[in-house]
Amino acid sequence: MFRVPAVAGRWAPPPAWAGFVLLLLAMFALAYGVGAAAGPVAPGMHSPRTDPGSPGGSDPGGMGGMGGGMHPGAGR
């Protein structure tokens with residue numbers, strides 16, 4: 001004979017899948033925490049957001065002090 005399960009139509013994720021998702025969330029949280037504690041990767045780095053109070057209304061960003069041409073003593 002054919003038996004119908006007592007909880008027909010109810011789906012539950014496999015325990016391994018749920019464990020994987022929890023592990024993934026924990027790893028993202030740990031990586032975010034370490035990154036936040038480490039700070040910026042280079043001196044002078046800042047958010048690319050513009051400052052509405054600055055003259056001109058925007059900050060072009062970029063790397064200041066990186067003028068073109070060869071610098072004296074380069075290539076030695």
Side-chain angles (χ1 to χ4, degrees):
M1 290 197 176
F2 184 77
R3 294 190 330 190
V4 178
V7 191
R10 185 173 174 183
W11 181 83
W17 184 82
F20 173 73
V21 170
L22 286 174
L23 179 64
L24 192 63
L25 289 173
M27 292 299 291
F28 275 118
L30 179 67
Y32 181 82
V34 169
V41 295
M45 282 193 76
H46 59 279
S47 173
R49 288 184 244 149
T50 59
D51 181 16
S54 67
S58 67
D59 180 17
M63 296 177 65
M66 299 295 289
M70 296 291 288
H71 296 285
R76 291 187 193 177

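Numbers for residues simply follow the sequence, beginning at 1. Bear in mind the structure is a predicted one, so any value in this text is a computation, not a measurement.
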Set of side-chain contact (heavy atoms from CB on, under 4.5 Å) partners for Pro13, sequence neighbours left out: Trp11, Trp17

Listed partners of Leu25 passing side-chain contact (heavy atoms from CB on, under 4.5 Å), at least two apart: Val21

ILVMFWY network linking Phe28 to Phe20, side-chain heavy atoms under 4.5 angstrom: yes

